[in-house]
Enquirer: 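Mind having a look at this structure? Questions to follow.
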Amino acid sequence: MAETKLPHYRGILTGSMLHDAMEAGDGFATFDCESEEAFLAAAQEYGVVFPHRDADERGITYLRERPGLGPERGVGFTRGPLLPHTDRPAAKVPPRVLLLWCRSSSVDGGEATVLRGQDVAASLGERNPDALKAYCEDDAAIFRTGGEEMVSPIFRMVDGAVAEVRLRFDPYVYFAPNAARALPALERAFEETEIAFSLAPGKGYAIRNDLWFHGRRAYSGNREMLRIMIGSSHASSRNAGPGTR
């Protein structure tokens with residue numbers, strides 16, 4: 001396939017490419033993939049596919065406009081914008097890696113957006129240290145989904161570096177007072193650190209869900225993205241001790 005101008009482009013999607021990008025790289029890669037079957041095969045080669053209520057029995061979720069779904073399903077099934085977020089923040093152990101692949105593109109808009117958590121935290125720390133402090137508090141936010149609930153910081157820092165991010169904007173998230181007051185500062189940090197790119201059919205991206213935020217701009221047309229969540233790589237699973245998975 002011809003070279004693309006996608007950011008962090010890694011070529012054809014394979015399990016080994018995913019391992020290099022997610023485990024040894026910085027946790028973000030764009031790729032080419034020829035089919036839905038190849039998309040699933042690469043995910044299964046790399047790691048353990050994570051189930052989701054909106055996915056089929058293989059773990060694939062079809063993200064397209066689906067009129068009639070209630071608000072509890074979120075705006076992922078609309079043509080509206082998706083603010084920067086992580087997937088499944090209410091889960092004790094969220095999916096570690098997300099794969100998204102474009103089957104049909106939008107007419108206008110629909111650009112994918114990704115933001116490295118470390119870059120967002122650095123921007124906040126430079127411009128508004130109090131805002132960063134508020135988002136690092138252990139009770140910065142409460143995330144709820146169904147029977148799941150997680151009280152968590154937005155940025156979990158270890159030795160000054162971001163070790164984990166969790167975030168979502170919907171009716172089921174509750175921010176602590178200081179974190180709520182700092183939302184305009186967080187929005188500015190997002191604007192300063194966002195990477196936006198369009199995806200044509202056959203293109204996709206992979207991202208570490210614990211280290212990066214992602215989103216989408218509003219669009220028109222029949223855009224459809226396929227998503228697979230991965231709980232851990234096969235290498236990580238083999239190395240995990242009892243009770244750690």
Side-chain angles (χ1 to χ4, degrees), residues 22 26-28 50 52-54 71-76 80-98 100 112-196 205-217 227 229-232 236 244-245:
M22 299 297 105
D26 65 357
F28 168 51
F50 205 90
H52 190 271
R53 67 181 181 184
D54 296 317
E72 68 277 3
R73 285 295 197 253
V75 296
L82 285 174
L83 295 173
H85 66 283
T86 64
D87 280 16
R88 299 289 306 278
K92 182 178 180 181
V93 182
R96 188 164 184 267
V97 170
L98 306 177
L100 290 108
T113 60
V114 298
L115 309 91
R116 191 197 318 261
Q118 185 66 47
D119 295 342
V120 179
S123 176
L124 269 177
E126 179 180 349
R127 294 183 175 274
N128 194 326
D130 288 340
L132 178 59
K133 182 177 183 297
Y135 290 124
C136 291
E137 295 291 342
D138 289 341
D139 61 351
I142 302 173
F143 302 104
R144 291 179 179 150
T145 299
E148 295 178 316
E149 179 176 296
M150 186 69 181
V151 181
S152 171
I154 306 302
F155 301 93
R156 182 169 64 83
M157 311 288 285
V158 176
D159 296 330
V162 172
E164 183 184 51
V165 292
R166 289 179 188 247
L167 184 62
R168 190 178 63 207
F169 296 97
D170 63 23
Y172 309 106
V173 60
Y174 305 88
F175 292 105
N178 287 341
R181 284 191 286 268
L183 285 173
L186 182 61
E187 182 179 356
R188 287 192 295 272
F190 284 156
E191 293 171 353
E192 292 176 353
T193 58
E194 178 186 80
I195 301 169
Y205 72 92
I207 200 166
R208 280 278 299 272
N209 188 49
D210 56 342
L211 297 177
W212 289 71
F213 304 105
H214 68 285
R216 178 195 73 209
R217 292 179 179 165
R227 181 189 66 194
M229 299 178 171
I230 297 177
S232 62
S236 298
T244 61
R245 288 179 58 188

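Only this structure's heavy atoms are used, side chains among them; waters, hydrogens and symmetry mates stay out.
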Enquirer: Report, one line per pair, each donor and acceptor closer than 3.5 Å where one atom sits in a side chain of residues 140-148; sequence neighbours left out.
Expert:
{"unit_1": "R144", "atom_1": "NE", "unit_2": "E149", "atom_2": "OE1", "d": "2.5"}
{"unit_1": "R144", "atom_1": "NH2", "unit_2": "E149", "atom_2": "OE1", "d": "3.2"}
{"unit_1": "T145", "atom_1": "OG1", "unit_2": "R168", "atom_2": "NH1", "d": "2.9"}
{"unit_1": "T145", "atom_1": "OG1", "unit_2": "R168", "atom_2": "NH2", "d": "3.3"}
{"unit_1": "E148", "atom_1": "OE1", "unit_2": "R88", "atom_2": "NH2", "d": "3.1"}
{"unit_1": "E148", "atom_1": "OE2", "unit_2": "R88", "atom_2": "NH2", "d": "2.9"}

Enquirer: Could you work out, with side chain to side chain donor-acceptor pair (under 3.5 Å) as the rule, every residue matching R216, not counting sequence neighbours?
Expert: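 With neighbours one apart ignored, the set is empty.
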Enquirer: If every non-hydrogen atom of F50 is compared with every non-hydrogen atom of G231, which pair is closest and at what distance?
Expert: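 Between these two residues, the closest heavy atoms are CD1-CA, 3.5 Å.
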Enquirer: Does D87 have any side chain to side chain donor-acceptor pair (under 3.5 Å) partners at least two apart in sequence or in another chain, and if so, which?
Expert: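 Counting only residues at least two positions away or on another chain, D87 forms a side chain to side chain donor-acceptor pair (under 3.5 Å) with H85, H214, R227.
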Enquirer: Mind checking ring pair (Phe, Tyr, Trp, His ring centres under 6.0 Å) for Y135 and listing every partner two or more places apart, or none if nothing turns up?
Expert: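 Y135 satisfies ring pair (Phe, Tyr, Trp, His ring centres under 6.0 Å) with no residue once adjacent residues are dropped.
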Enquirer: Please enumerate all residues that pass salt bridge (charged side-chain N to carboxylate O under 4.0 Å, His left out) together with D26, with sequence neighbours excluded.
Expert: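 Only R116 meet the salt bridge (charged side-chain N to carboxylate O under 4.0 Å, His left out) criterion with D26.
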Enquirer: Which atom names give the shortest non-hydrogen contact between P84 and F213, and what distance separates them?
Expert: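 Scanning both residues, the minimum pair turns out to be CB-CB, 4.0 Å.
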Enquirer: Under the side chain to side chain donor-acceptor pair (under 3.5 Å) test, which residues partner E192, sequence neighbours left out?
Expert: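 Only S123, R127 meet the side chain to side chain donor-acceptor pair (under 3.5 Å) criterion with E192.
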Enquirer: Side chains of residues 178-190: which donor-acceptor pairs under 3.5 Å do they make with residues two or more places apart or in other chains?
Expert:
{"unit_1": "N178", "atom_1": "OD1", "unit_2": "R181", "atom_2": "NH2", "d": "2.5"}

Enquirer: What residues, two or more places apart in sequence or in another chain, satisfy side chain to side chain donor-acceptor pair (under 3.5 Å) together with E194?
Expert: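 Once residues adjacent in sequence are excluded, the partners of E194 under the side chain to side chain donor-acceptor pair (under 3.5 Å) criterion are R217.
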Enquirer: Hey, what's the ring geometry for Y205 with F28, parallel, tilted or perpendicular (30° and 60° as the breaks)?
Expert: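 Perpendicular.
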Enquirer: Quick check: closest heavy atoms across L211 and V162, and the distance to 0.1 Å?
Expert: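 Closest heavy-atom pair between L211 and V162: CD2-O, 3.9 Å.
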Enquirer: Tell me every residue that passes salt bridge (charged side-chain N to carboxylate O under 4.0 Å, His left out) with E126, counting only those two or more places apart in sequence or in another chain.
Expert: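 So E126 forms no salt bridge (charged side-chain N to carboxylate O under 4.0 Å, His left out) with any residue.
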